[in-house]
Amino acid sequence: MEVVRSESGVRSEKIAAPVATVIARTKRFQVWFIRVCSSILLWTCLVQLLTVGELWHPSFMANTTVSIVKPPHHPPPLLPLRNYTSNGYLKVSCNGGLNQMRSAICDMVAVARLLNLTLVVPELDKTSFWADNSTFEEIFDVKHFIDSLRDEVRIVRRLPKRFNRKYGYRVFQMPPVSWSLEKYYLQQILPLFSKRKVLHFNKTDARLANNGISIDLQKVRCRVNFQALKFTPEIESLGYKLVRILQERGPFVALHLRYEMDMLAFSGCTHGCTKEEAKELKRLRYAYPWWREKEIVSKERRSQGLCPLTPEETALILLALGFDKDTQIYIAAGEIYGSERRLAVLSAAYPRIVRKEMLLDPGELQQFQNHSSQMAALDFMVSIASDTFIPTYDGNMAKVVEGHRRYRGFKKTILLDRKRLVELLDLHQNGTLSWNEFAVAVGSAHEKRMGQPTRRRVIADKPKEEDYFYANPQECLCEGANCDDLLGPGNSSSIR
């Protein structure tokens, strides 16, 4: 029995040793397992905490390396479609430069809305002096244009195939009468659609009156201009970059120096040009049949205030208005006629003059080269954003930018009185008027020409001479009784 017990005791000791080892290993595994689970739980809590902190307080734990993935941007829901029976298709071909075409597009949307038509995405001018072959889609965001107006008018990218010429259909073309009221379109244009399902307006500039239009239709024009006509992402991205660069350098003036070959040839203005340049401009004017006035006396034009100011004259006016030599000036224009030679005086007076070609790398502008309308779109964006906008001629860009700046809170826009300025410039330069007298006179002449609230001037039976709707779309700048307070007399602002 003892042997057995002894053997049994030995056998028990031999069995107990591995059991103890297994138990010890099991305990260690349990401890390790608990630690791993605890670590996972702690890290999960930390990530959740960081996520919540980022959502509620973006600066919370800003030094951590955890990145939060933002949800994708979702476009706003589409507006409900306006339910109407279309009376036909309106096709339009815009003529002129970018801003002339912009205003025309706004008018044509309003006409399509008035007549319950389906508008075909407008065609842009490719035959003008600038010879820009850009399409609507290359300048404006066409999807945004269509979607943002779907509750007002139906817009399609192209005519249905059955109306194509290759199928034997001939679209009726005509230019609508300039400065027309709603009555003209309702009584003379709408009946044409009962015979022809498609009308093609082959000229669209100034085909809708400035005044005498219902307020609802005026607001349609504004809605197109200020909301629906959005530039392409490529243009907007580069335009915003230009604005950002300028703003980082401080306040800036956008100077629309309209001293370009096409304007000088069209207006017949040759003040400051050489004899050879004057002859070149005259030849160019005769080369374009739609520039009707052939024999033009430049001196008379200038005295009437019908010429753009020269770069040299502009330098004197800016100094008289109180802009010092450290003012940052962005030239919002194409190539200045006479190039650097004509800019020498202005550049000497204002060394901080810049242009988009000076602020951007050549590669960034390459896609826009030889596309004057796309380049003009960049200048348009900078002009809208500038602290002060000064046009040297009241062309289409000057007027449309003025209207946008009014819409954005009546931002300072100095509207130069060229007729008065020419008188003052000549008196100063012939020694009759001292510099101080000249500066005081220039300032006084522009106290009420700063883009402040004012009523649009109406001249019965002279639409070309009255204030342009797109320069002062007063129906869209205020509501109800407040308009009387906003647009009443006595509004003025200081020059500085």
Side-chain angles (χ1 to χ4, degrees), residues 251-261 263-264 267-275 277-278 281 296-333 336-354 386-395 398 402 412-452 492-496:
F252 70 97
V253 173
L255 178 66
H256 184 42
L257 190 62
R258 195 66 170 94
Y259 202 77
E260 299 155 300
M261 178 181 279
M263 177 50 63
L264 298 177
S267 63
C269 298
T270 58
H271 183 71
C273 295
T274 65
K275 289 183 178 180
E277 288 173 335
L281 294 171
I296 296 176
V297 180
S298 175
K299 189 174 181 180
E300 291 181 2
R301 283 267 180 166
R302 180 173 175 270
S303 66
Q304 295 167 356
L306 300 176
C307 289
L309 294 178
T310 68
E312 297 86 355
E313 291 171 334
T314 302
L316 289 174
I317 298 304
L318 291 176
L319 289 168
L321 287 171
F323 293 99
D324 60 43
K325 67 176 184 179
D326 293 324
T327 303
Q328 182 181 202
I329 297 178
Y330 176 88
I331 302 292
I336 302 303
Y337 192 62
S339 301
E340 297 305 317
R341 176 179 64 84
R342 294 307 303 273
L343 284 172
V345 172
L346 184 60
S347 298
Y350 293 97
R352 295 187 67 200
I353 281 182
V354 294
S386 64
D387 296 277
T388 305
F389 175 65
I390 307 176
T392 61
Y393 188 77
D394 56 351
E402 177 190 347
K412 186 185 291 185
T413 303
I414 303 181
L415 306 170
L416 300 179
D417 184 348
R418 293 189 307 281
K419 185 175 181 180
R420 176 63 176 149
L421 288 175
V422 166
E423 295 173 359
L424 295 174
L425 283 162
D426 290 344
L427 288 172
H428 172 61
Q429 290 175 332
N430 67 22
T432 305
L433 212 59
S434 69
W435 173 255
N436 288 338
E437 292 171 326
F438 173 73
V440 169
V442 170
S444 299
H446 293 87
E447 285 182 354
K448 296 183 179 181
R449 299 176 66 90
M450 298 285 162
Q452 61 264 48
S492 64
S493 62
S494 60
I495 292 174
R496 298 298 290 170

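The model shown is predicted, which means the values in this text are computed figures rather than measured ones. For reference, positions follow the sequence shown, starting with 1.
- The two residues Gly268 and Ser298 come nearest to each other via the heavy atoms O-CB, 3.3 Å.
- Separating the CD atom in Glu313 from the CG atom in Leu421 is a distance of 9.0 Å, to the nearest 0.5 Å.
- Glu277 approaches Gly338 most closely through the heavy-atom pair OE2-CA, 4.2 Å.
- The distance from the CG atom of Leu281 to the SG atom of Cys269 is 9.5 Å, given to the nearest 0.5 Å.
- Rounding to the nearest 0.5 Å places OG1 of Thr314 at 4.5 Å from CG of Leu309.
- Partners of Glu312 by side-chain contact (heavy atoms from CB on, under 4.5 Å), not counting sequence neighbours, listed by chain and number: Thr310, Arg342, Val345.
- With contacts defined as side-chain heavy-atom distances shorter than 4.5 Å, the pair Leu425/Phe438 qualifies.
- Here the closest non-hydrogen pair linking Pro308 and Tyr393 is N-CD1, 3.5 Å.
- Residue Leu343 holds its CG atom at 14.5 Å from OH of Tyr350, rounded to the nearest 0.5 Å.
- Atom OH of residue Tyr259 and atom CD1 of residue Ile336 lie 9.5 Å apart, to the nearest 0.5 angstrom.
- Taking all atoms of both residues into account, the shortest heavy-atom contact from His446 to Leu415 is CD2-O, 3.5 Å.
- Residues Phe323 and Ile390 meet the side-chain proximity criterion, which asks for heavy atoms closer than 4.5 Å.
- Two residues are said to be in side-chain contact when any heavy atoms from C-beta on lie closer than 4.5 Å; Phe389 and Glu402 fail this criterion.
- Partners of Gln328 under the side-chain contact (heavy atoms from CB on, under 4.5 Å) rule, at least two apart in sequence or in another chain, are Leu246, Arg249, Phe252, Arg352.
- Counting only heavy atoms from C-beta outward, the side chains of Arg418 and Asp394 approach each other to under 4.5 Å.
- Between the side chain of Ser303 and the main chain of Glu300, a donor-acceptor pair closer than 3.5 Å is present.
- Counting heavy atoms from C-beta outward, Leu321 and Leu416 have side chains that approach closer than 4.5 Å.
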(request) Carefully, step by step, assess Asn430 and Thr432 under the rule side chain to side chain donor-acceptor pair (under 3.5 Å). (result) CA-CA 6 Å; Asn430 67 22; Thr432 305; 2.6 Å; yes
(request) Apply side-chain contact (heavy atoms from CB on, under 4.5 Å) to Leu257 and Leu346, showing your working. (result) CA-CA 11 Å; Leu257 190 62; Leu346 184 60; 4.1 Å; yes
(request) Decide side-chain contact (heavy atoms from CB on, under 4.5 Å) for Leu316 and Trp435; before the verdict, give the C-alpha distance in whole Å, the side-chain angles of both, and the deciding distance to 0.1 Å. (result) CA-CA 10 Å; Leu316 289 174; Trp435 173 255; 4.1 Å; yes
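- No side-chain heavy atom of Thr327 sits under 4.5 Å from any side-chain heavy atom of Leu318.
- Asp426 meets the side-chain contact (heavy atoms from CB on, under 4.5 Å) test with Arg302, Val422, Gln429; sequence neighbours excluded.
- Proximity of Ser267 to Leu306: side-chain heavy atoms (C-beta onward) are nowhere separated by under 4.5 Å.
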(request) Apply side-chain contact (heavy atoms from CB on, under 4.5 Å) to the pair Arg449 and Asp417, showing each step before the final yes or no. (result) CA-CA 8 Å; Arg449 299 176 66 90; Asp417 184 348; 3.7 Å; yes
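- Of the possible polar contacts, one joining the Ser386 side chain to the Thr388 backbone as a donor-acceptor pair under 3.5 Å is found.
- Looking at every heavy atom in both residues, Thr392 comes nearest to Arg258 through OG1-N, 3.0 Å.
- Looking at every heavy atom in both residues, Gln452 comes nearest to Met450 through OE1-N, 2.8 Å.
- Remark: Lys299 NZ to Cys307 SG distance equals 13.0 Å, nearest 0.5 Å.
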